[in-house]
Amino acid sequence: MSTRTKIAALLQSREFGKEFTVKGWVRTFRNNQFIAMNDGSTLNNLQAVVELNSMDESLLKRLTTSASISVTGELCASLGKGQAVELKVKKLEVLGDCDAEKYPLQPKKHSLEFLREKAHLRFRTNTFAAVFKLRHVLAFGIHKFFNERGFVYMHTPIITASDAEGAGEMFKVTTLPFEQTPRNPEGQVDYKEDFFGKATNLTVSGQLEAELGAMAFGEVYTFGPTFRAENSNTARHAAEFWMIEPEVAFNDLDDNMQLAEDMLKYVIRYAMDQCPDELEFLKTRLLEEEKQKPQEERSEMDLIAKLQFCLDNEFQRLTYTEAIEILKNSNPNKKKKFKYLIDKWGADLQSEHERYLVEKHFKKPVILCDYPKEIKAFYMRQNDDGTTVRAMDILFPGIGEIIGGSQREERLDKLETRMNEMHIPASELYWYLDTRRFGTVPHAGFGLGFERLIMFVSGMGNIRDVIPFPRTPKNADF
RNA sequence: UCCCUGAUAGCUCAGCUGGUUAGAGCACAUGACUGUUAAUCAUGGGGUCGCUGGUUCGAGCCCAGCUCGGGGAGCCA
């Protein structure tokens, strides 16, 4: 068995004179002498120094970008400036060659679009190493947060037969042959012949099932893949994404908003604690990128300052009605700069309105609540005014909606009436309605788009760059 | 799906009003140099100008359709 020291540990070590073995991949080989190598344990590279004429020339020729190597040598204080320690190479072995002429990545800046096409190799770049390390840390932080608060992690089904929720277009799951699908006497596809004996789809949300768990455990959360077959071509939509959906018995909407704000702040702080190098790198990357933009489009704060600002300030809470008033009296509305002008109560807010509220008016995360019932889902709790429901959306700068949630309608009669109005078949959701029949309680929950959280924390502008192998319309490579 | 925009060397991009041999930097190869930090210097190889059709004496450039990317919108997380 070979012992190897990880670069993260070695860069911290000051055991000069001691011999270590390091294994990793070449990032660059400079001056026929200096190997910058990385093993994934840290964003930082180790400099391994080959003494001139101490190694076979043909061996050094093989030190191309991304060749895998094993290096044994003595740790010493670096003579050069960029690093504190370096390894004086005694033994060098190439484990796997990498043909520099065929290997697509070069030690230079590549566009994100180009790297997206090389998704199988992009982990080897600093940017994506940082993003996907951050993704791991944020996922872990979310589990940590809920675990510390006594939530039960619940696995809701990926394949579901309930098509009544209306959260979006669904992917069909079937084993029926596309040619000659079995038909019933009316000529429709006969799903009785299908694998599950009924039409099934990939889940668009675990919420309804999570509510069932909350009625026993009190507080549960889901964290799993979610699928939407919408033909959405934007930087913040994917066909397959991960969603976190807590559901808490006895919580009202205010508790719900507090839980969401606490959770976001907890995981952002956790990422800042665990990934200082990664965030520093991404901050610099973003500053470089913004140099290309005209002055007025640049951010006022750098990435780390933005995250810190988010931690230090209360999210702005206001009702839909208050938001409409602000928008109605806003400059862009008066000067008719909005594409969709706000004239009356009841209109759904467009992206431009949300962005105005978050980025121009309040300049911090905003929680909007108490929306008109017409523009929200059937399960949201109706307010006494008869026109609004206890819904809430959390809007983040640059991202838009990062969380959507509500207090749920726990009163059976009100829920059934609303389902009727919205033509949702109660018979198919008997199991959901049973929670309101048997020991119903007020409860609330929300859905957090995991990739949108990563986008916010990493500063990446496209959802395709925060999920390893993104699935979007016309793209399911790798 | 709609609006705008783009596709030229392995990568990033320039290419004038349609004109004869399509360029640069980086990468790669060869050599020089040797405490470099995306090393530097010299030399060299490298192109189906996204695809299909059209206009024209002549198309990288103009027109139409298609494919894919980017920005915005809708749907939402």
Side-chain angles (χ1 to χ4, degrees), chain A residues 27-36 44-53 60-61 64-65 76 78-83 86 88 99-118 125-126 165-169 204-207 222-245 260 292-293 297 338-340 348-355 375-377 393-396 399-405 446-456 461-467 472-475 477:
Chain A
R27 282 293 174 80
T28 61
F29 182 41
R30 287 184 294 267
N31 221 346
N32 218 25
Q33 203 181 162
F34 302 99
I35 312 168
N44 300 311
N45 297 330
L46 173 72
Q47 174 155 288
V49 186
V50 182
E51 218 168 310
L52 282 172
N53 305 319
L60 297 184
K61 278 262 178 277
T64 53
T65 299
C76 41
S78 179
L79 297 171
K81 277 196 178 128
Q83 57 285 315
E86 60 191 24
K88 205 182 278 178
D99 186 339
E101 206 151 358
K102 292 181 183 146
Y103 184 64
L105 304 188
Q106 302 159 14
K108 64 168 260 187
K109 210 182 197 78
H110 287 290
S111 69
L112 296 174
E113 293 82 11
F114 172 70
L115 291 170
R116 224 171 273 156
E117 289 168 13
K118 310 274 179 257
T125 65
N126 288 331
E165 214 244 311
E169 287 298 309
V204 292
S205 164
Q207 180 202 317
T222 74
F223 189 166
T226 310
F227 307 87
R228 303 273 166 92
E230 239 110 62
N231 190 11
S232 296
N233 292 290
T234 80
R236 43 184 201 287
H237 289 85
E240 177 182 305
F241 63 100
W242 286 61
M243 192 154 63
I244 295 104
E245 294 177 291
Q292 320 278 326
K293 294 186 185 169
E297 284 176 34
F338 283 142
K339 198 173 163 206
Y340 298 90
D348 207 351
L349 298 183
Q350 309 291 322
S351 298
E352 58 181 347
H353 306 132
E354 296 180 349
R355 292 186 64 158
I375 58 175
K376 288 293 179 186
D393 284 354
I394 301 189
L395 310 176
F396 263 33
I399 312 290
E401 185 178 344
I402 196 167
I403 279 180
F446 60 83
L448 165 71
F450 185 50
E451 281 76 15
R452 292 189 182 173
L453 174 66
I454 305 168
M455 287 171 74
F456 179 74
N462 196 310
I463 197 167
R464 290 156 231 240
D465 295 328
V466 300
I467 188 162
T472 51
K474 301 278 181 285
N475 182 9
D477 289 340

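Each chain gets a letter, A, B and so on, in the order its sequence line appears, and its residues count up from 1. What you see below is based on every heavy atom in this structure, not just the backbone, and it leaves out hydrogens, waters and symmetry mates. Predicted, not measured: the structure shown is a model, and the values here were computed from it.
- Distance from the side chain of A:K61 is smallest to B:U30 among B:C11, B:A39, B:U30.
- For the P atom pair drawn from B:C62 and B:C75, the interatomic distance equals 36 Å after rounding to whole Å.
- Backbone-only contact: A:G447 has heavy atoms under 4.0 Å from sugar-phosphate atoms and none from a base.
- If you check B:A77, B:A73, B:G35 against the side chain of A:T234, the one that comes closest is B:A73.
- When each of B:U36, B:A73, B:C28 is scored by its nearest atom to the side-chain atoms of A:R236, the top-ranked nucleotide is B:A73.
- A:A238 comes within 4.0 angstrom of a nucleotide base, judged by non-hydrogen atoms across all strands.
- Within 4.0 Å of A:I244, counting heavy atoms only, lies no atom of the nucleic acid at all.
- A side-chain N or O of A:R30 and one of A:T28 form a donor-acceptor pair less than 3.5 Å apart.
- Residue A:F34 and nucleotide B:A39 are not classified as a stacked aromatic pair, given the requirement of ring centres less than 5.5 Å apart at an interplanar angle below 30°.
- Comparing the C1' positions of B:G44 and B:G60 gives a spacing of 26 Å, expressed to the nearest Å.
- Using a 4.0 Å heavy-atom distance criterion, A:E86 is classed as a base contact.
- Distance from the side chain of A:N231 is smallest for B:U1 among the nucleotides B:U37, B:U1, B:G74.
- A:T226 comes within 4.0 angstrom of no nucleic acid atom, judged by non-hydrogen atoms across all strands.
- For A:N31 and B:U37, a side-chain-to-base donor-acceptor distance below 3.5 Å is absent, hydrogens and geometry of angles not being considered.
- Note on A:E451: nothing from the nucleic acid sits closer than 4.0 angstrom, heavy atoms only.
- Counting any heavy atom pair closer than 4.0 Å across all strands shown, A:S351 reaches sugar-phosphate atoms only and no base atom.
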